[in-house]
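These notes concern the structure reproduced below.
Within every chain, numbering begins at 1; the chains are lettered A, B, ... in the order of the sequence lines, protein sequences first and strands thereafter.
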Amino acid sequence: MARRQYPFHLIEPKWQQRWEKEGTFRAWNPGETIPADHPFGVRHGLSGKAPSGSQLPPKFYLLDMFPYPSGAGLHVGHPEGYTATDILSRYRRAQGYNVLHPMGWDAFGLPAEQYAVKTGQHPRLTTEANIANFTRQIKSLGFSYDWSREVATTDPEYFRWTQWIFLQLYNAWFNPETRRAEPISTLVIPDDCDTPARQRAYRDDRRLAYVSEAPVNWCPELGTVLANEEVVDGRSEVGGFPVVRKSMRQWMLRITAYAERLLGDLEGIDWSESLKEMQRNWIGRSEGAVVDFAVCGAGKRITVFTTRPDTLFGATYLVLSPEHPLVASITPPERGAAVAEYQAHAAGKSDLERTELSKEKTGVFTGAMAINPVNGESIPIWIADYVLASYGTGAIMAVPAHDTRDHEFAEKFGLPVVQVVEPPQGREWRGYTEDGLAVNSSSSRVSLNGCSTAEAKIRIVSWLESQGLGRRTINYKLRDWLFSRQRYWGEPFPIVWRRDADGSLYSEAVSDRELPLVPPPLDDYKPTPDGRPPLARASDWVTLPDGALRETNTMPQWAGSCWYYLRYLDAHHGGRFVSEGAESYWMRPRSDAGGLPPGSPGVDLYVGGTEHAVLHLLYARFWHKVLFDLGHVSTPEPFFKLVNQGLILGTDGQKMSKSRGNVVNPDEVLAEYGADAFRLYEMFMGPLQDVKPWNTQGVAGVYKFLGRVWRLFIDEASETEFEQACAGDPANSAGYASGLRLASNVQDVPADVFQSKPLHLCIRKVTEDLEALRFNTAISALMIFVNEAIAWEVKPVEVLRNFLQLLAPFAPHLAEELWEKLHQNHPSGRVSLSYSPWPTFDPALLVEDTLEIPVQVNGKVRDVIRVAATATHIEMEGAALASEKARPFLAGKQVRKIIVVPRKLVNIVAA
RNA sequence: GCCGAUGUGGCGAAAUGGCAGACGCAGGGGACUUAAAAUCCCCUGACCGCAAGGUCAUGCGGGUUCGAGUCCCGCCAUCGGCACCA
């Protein structure tokens with residue numbers, strides 16, 4: 001280990017303990033009494049008071065994606081985002097905001113459960129141990145979290161409200177008229193639902209949380225179903241186990257009702273365009289039409305969805321998905337065996353096989369024919385697994401001339417291909433899928449010939465509508481959210497099942513008063529042998545005295561993370577998930593921000609990894625909108641600004657992983673360089689959003705910078721004495737530290753212009769860069785200042801004070817320590833650095849009298865001249881033409897033009 | 001295949017259309033030291049040249065402009081997402 005640049009091993013624990021003891025980073029809710037000596041109260045004149053929301057300074061809410069506390073502990077990727085938000089939190093506090101900066105644990109999850117299955121140890125114990133380790137690691141980095149607001153999704157006092165929100169969904173429906181969720185009591189039940197059972201069924205069919213018997217992704221290895229989003233290439237996202245289709249009764253959340261709002265509201269929030277695009281693609285809105293085809297002789301109709309109704313004349317066959325409900329009834333007996341065989345074949349394929357075998361199309365003819373409504377022609381009806389049951393109507397009209405998939409299928413099975421779109425000159429019509437002019441699209445009923453694609457779409461849809469054969473419609477790729485899991489370590493559903501007089505099963509919400517509903521203790525955490533979830537093992541718990549049975553599924557891990565940012569606002573409220581006062585103060589922007597910009601609606605800045613670009617962020621937005629509709633929160637969107645930090649790669653430029661052996665453990669970096677150097681390096685590596693490789697020598701570089709900062713302040717002789725004393729008696733190091741003195745050239749004298757100018761340049765650069773999240777260049781500005789200041793004969797206290805304020809967000813421990821030393825001789829007493837006002841720069845100091853101006857000849861720099869900042873156009877031109885160095889390049893040429901950019905450059909164009 | 005991002009020294013990177021490479025790492029030289037470490041100072045894109053200086057250079061090829069890393073068009077590569085969604 002190299003020689004220590006400065007005693008960070010003493011400084012860092014000292015300040016972490018002091019911050020914790022003094023509650024320095026407690027954020028105050030409206031109505032809370034602020035203790036007399038708290039620095040926030042001192043700064044804002046609120047000591048000992050209990051200010052209302054409007055008496056408090058404006059809020060700023062900086063949120064990190066809370067981690068899953070895994071057994072492996074923190075890796076260097078976690079603190080990247082945490083450091084960024086911490087720097088901004090400290091900066092905003094200095095500016096005068098009331099900053100909310102909390103941390104917690106996304107603590108339900110499979111690893112603890114799998115460990116329980118193996119060892120019998122309750123997942124809670126595993127989870128608690130992991131949380132303790134994560135807490136230790138995160139605290140060692142000196143983040144200014146308000147730990148009094150810590151939450152864990154596994155805490156019954158937390159998940160009682162997760163269960164409560166589920167009941168809000170269960171007890172609500174989506175009113176298509178108002179386009180918002182409303183209490184289920186507002187649902188008008190039609191008269192023909194004339195029995196209680198029918199009325200119940202009508203309501204249950206419209207709840208935002210409902211039960212559905214549907215094909216799901218079953219993972220035998222994990223013993224649970226998975227959401228579509230959790231299945232990657234036919235395997236489970238967690239563990240990579242095969243997933244098969246299986247029809248099961250499952251809880252679903254009606255997120256599709258919100259598709260349009262989830263899409264439209266992306267407009268108003270400050271997320272990166274690429275992230276918004278990922279959400280848009282996931283929602284997958286597409287405009288088109290549904291068209292009815294009559295089945296020959298059967299009196300039945302098949303409805304297809306198409307985005308190209310203009311190509312209806314080219315529809316030469318229909319394809320149903322193998323699972324389509326009409327398949328059995330339209331298939332004539334002689335084709336029954338072949339069709340059934342194909343259906344079985346398709347059903348037997350796992351998702352993995354479906355994906356892998358997708359290169360070659362398969363299908364069979366059902367033997368049935370349909371009528372193309374535009375020209376009365378009979379066309380065959382096929383089934384094929386390239387048509388998905390779960391999208392659109394599960395049936396398509398095939399237009400092989402103008403759809404790649406249909407074309408492939410028609411080629412293979414020798415089906416007719418009819419051109420109906422004329423491409424631009426020189427393009428082949430076969431397989432042409434873009435817009436063109438309609439051709440061969442005319443019958444006694446309707447004609448589209450000569451129309452552009454856009455026009456033809458409009459015309460055919462209005463014809464279909466007039467004939468009652470179809471209508472314009474919009475489809476989404478987004479599916480309803482499969483919300484139940486067959487696991488132990490998750491939130492139990494607050495639902496019981498009863499039978500009515502007819503013996504049919506129905507669900508009923510558990511009363512709010514019974515929450516939290518805590519999972520029962522088990523001896524064995526495996527699913528039951530017959531495949532029921534682990535909770536089914538607890539028969540005493542499952543069966544209620546009145547014979548009702550508890551739901552034994554649990555909620556997915558996403559549930560807890562859908563609303564944790566709301567619980568932070570009021571983490572210990574016993575009567576509500578968040579009090580109205582706290583919600584309103586922290587989520588609403590302020591009009592009367594007292595000179596500060598007002599902040600933004602919802603979370604002001606949310607930082608986390610791209611891996612949550614669709615799942616967590618879409619689910620959380622959905623829940624938030626439901627809570628908004630039901631009047632529980634005051635903003636339609638939860639996260640106003642969102643930034644994805646880039647991945648940190650190993651030193652080999654590869655993704656860090658245990659198997660590659662390139663994982664960097666923060667504990668080791670901290671032991672050698674300290675938390676401040678670690679934080680600084682995480683930010684100095686490059687732009688926050690970029691992917692970048694770790695380089696241990698880079699840490700050494702910023703560490704050296706902190707050493708220079710230390711030597712800028714501290715007397716060398718006292719440093720040498722301190723080191724010698726420590727070497728002789730390491731146990732008393734902390735005691736010797738009081739002997740460290742400020743350097744004698746740190747003096748309370750006015751700064752000269754050569755000192756105040758670099759300082760103010762630094763203030764401007766750091767301030768602007770922090771606003772724009774450019775941490776790397778802000779740090780470089782600090783380095784430039786220190787490189788200059790270290791050479792000064794005399795160092796004015798006022799300049800150093802300002803510098804420490806700029807440094808504090810990045811390297812808070814060192815800054816606090818030096819700040820304390822700087823103030824120990826000042827009778828005004830110690831002022832808390834954490835709440836000292838952010839310095840402002842004086843533009844007057846930054847005005848230059850003369851400027852260096854490059855002189856170009858034909859765009860190449862030939863000289864640099866010095867001109868007065870106020871130089872006129874003519875003066876600059878003259879000075880440039882007078883340049884000795886530029887002259888040779890003008891020899892024998894005629895000056896055609898002179899470009900003068902004031903304060904920037906002169907370019908002489910000559911030929 | 002589709003969508004998105006990125007491409008600049010040996011490395012991490014910086015640059016409102018106006019001196020490309022700030023800041024840092026690594027490397028080289030020097031000071032201090034008995035010596036080393038630490039620290040401090042200087043050099044460090046490539047090529048040509050003794051030097052002064054010059055030429056080339058921001059993935060590749062074009063274009064716009066007095067001037068392009070930056071804007072436009074067409075490619076290539078890497079990374080991320082989606083992928084039979086009709």
Distance between [atom1] atoms of [N] and [M] (Å, rounded):
| N | M | atom1 | answer |
| --- | --- | --- | --- |
| B/G59 | B/C66 | P | 24 Å |
| B/U34 | B/G28 | P | 24 Å |
| B/U64 | B/G17 | C1' | 12 Å |
| B/A14 | B/A22 | P | 13 Å |
| B/G81 | B/G9 | P | 27 Å |
| B/U55 | B/G62 | C1' | 23 Å |
| B/A26 | B/U39 | P | 10 Å |
| B/A36 | B/G29 | P | 13 Å |

Under a 3.5 Å cut-off for both contacts, is [N] paired Watson-Crick or G-U wobble with anything, and if yes, with which nucleotide?
| N | result |
| --- | --- |
| B/G45 | B/C56 |
| B/C2 | B/G81 |
| B/G7 | B/C76 |
| B/C40 | B/G30 |
| B/C71 | B/G63 |
| B/G17 | none |

Categorize [X] for me: base, sugar-phosphate, or nothing, with a 4.0 angstrom heavy-atom threshold over every strand shown.
| X | value |
| --- | --- |
| A/Phe785 | nothing |
| A/Ser272 | nothing |
| A/Gly284 | nothing |
| A/Lys477 | base |
| A/Ser780 | base |
| A/Thr610 | nothing |

Length of the line joining [X]:[atom1] and [N]:[atom2], which is rounded to integer Å:
| X | N | atom1 | atom2 | value |
| --- | --- | --- | --- | --- |
| A/Tyr6 | B/A38 | OH | P | 18 Å |
| A/Glu408 | B/C84 | CD | C1' | 8 Å |
| A/Ile396 | B/A86 | CD1 | P | 11 Å |
| A/Tyr703 | B/C23 | OH | C1' | 20 Å |
| A/Ile898 | B/C66 | CD1 | C1' | 11 Å |
| A/Glu877 | B/C66 | CD | C1' | 13 Å |
| A/Met278 | B/G4 | CE | P | 13 Å |
| A/Trp271 | B/G4 | CH2 | P | 19 Å |

Presence of [X] side-chain N/O under 4.0 Å of [N] phosphate oxygens OP1/OP2:
| X | N | answer |
| --- | --- | --- |
| A/Lys860 | B/C56 | yes |
| A/Gln689 | B/U6 | no |
| A/Arg708 | B/U39 | no |
| A/Asn787 | B/G24 | yes |
| A/Tyr386 | B/A86 | no |

Closest to the [X] side chain: [options]?
| X | options | answer |
| --- | --- | --- |
| A/Arg862 | B/G18, B/U55, B/G24 | B/U55 |
| A/Ile784 | B/A22, B/G4, B/G67 | B/A22 |
| A/Lys704 | B/C25, B/A86, B/G24 | B/C25 |
| A/Lys361 | B/G54, B/C23, B/C84 | B/C84 |
| A/Asn907 | B/A86, B/G4, B/C66 | B/C66 |
| A/Arg711 | B/G18, B/C40, B/A22 | B/C40 |
| A/Trp282 | B/C82, B/C19, B/C84 | B/C82 |
| A/Gln5 | B/U39, B/A26, B/G67 | B/U39 |

Legend entry - Nearest-nucleotide comparison on RNA chain B, the residue closer to the 5′ end among A/Leu905 and A/Phe889: A/Leu905
Legend entry - First of A/Ile790 and A/Thr393 reached from the 5' end of RNA chain B, by closest nucleotide: A/Ile790
Inset, instruction - Answer yes or no for A/Arg427 and A/Tyr432: cation-pi contact, defined as NZ/CZ to six-membered ring centre under 6.0 Å and angle to ring axis within 45°. - result: no
Legend entry - Pair A/Trp271-A/Gln279, side-chain donor/acceptor within less than 3.5 Å: no
Inset, instruction - For the residue pair A/Thr850 and A/Arg866, confirm or rule out a side-chain donor-acceptor distance under 3.5 Å. - result: yes
Legend entry - Heavy-atom protein contacts under 4.0 Å, nucleotides 12-17 of chain B, coded B base, S sugar-phosphate only, - none: BSS-B-
Legend entry - Sequence-distant partners of A/Glu877, side-chain hydrogen bond (donor to acceptor under 3.5 Å, both in side chains), two or more places apart: none
Legend entry - Residues in ring-ring contact (aromatic ring centres under 6.0 Å, His included) contact with A/Phe313, at least two apart in sequence or another chain: none
Legend entry - Sidechain N-carboxylate O distance under 4.0 Å for A/Lys457, A/Glu287: no
Legend entry - salt_bridge(A/Glu848, A/Arg903) N-O dist < 4.0 Å: no
Legend entry - Conformer about C1'-N of B/G29 - syn within 90° of 0, anti elsewhere: anti
Legend entry - A/Phe413 and A/Phe409 aromatic ring geometry - parallel, tilted or perpendicular at 30°/60° bounds: tilted
Inset, instruction - If the plane angle is over 60° it's perpendicular, under 30° parallel, otherwise tilted; pick one for A/His345 and A/Tyr342. - result: tilted
Inset, instruction - Answer with yes or no after comparing the ring centroid distance for A/Trp792 and A/Phe785 against a 6.0 Å cut-off, counting only values under it. - result: yes
Inset, instruction - Step through it carefully: locate the ring centre of A/Phe684, locate the ring centre of A/Phe705, and say whether they are under 6.0 Å apart. - result: no
Legend entry - Under 3.5 Å donor-acceptor, A/Tyr317 side chain and A/Asp406 backbone: yes
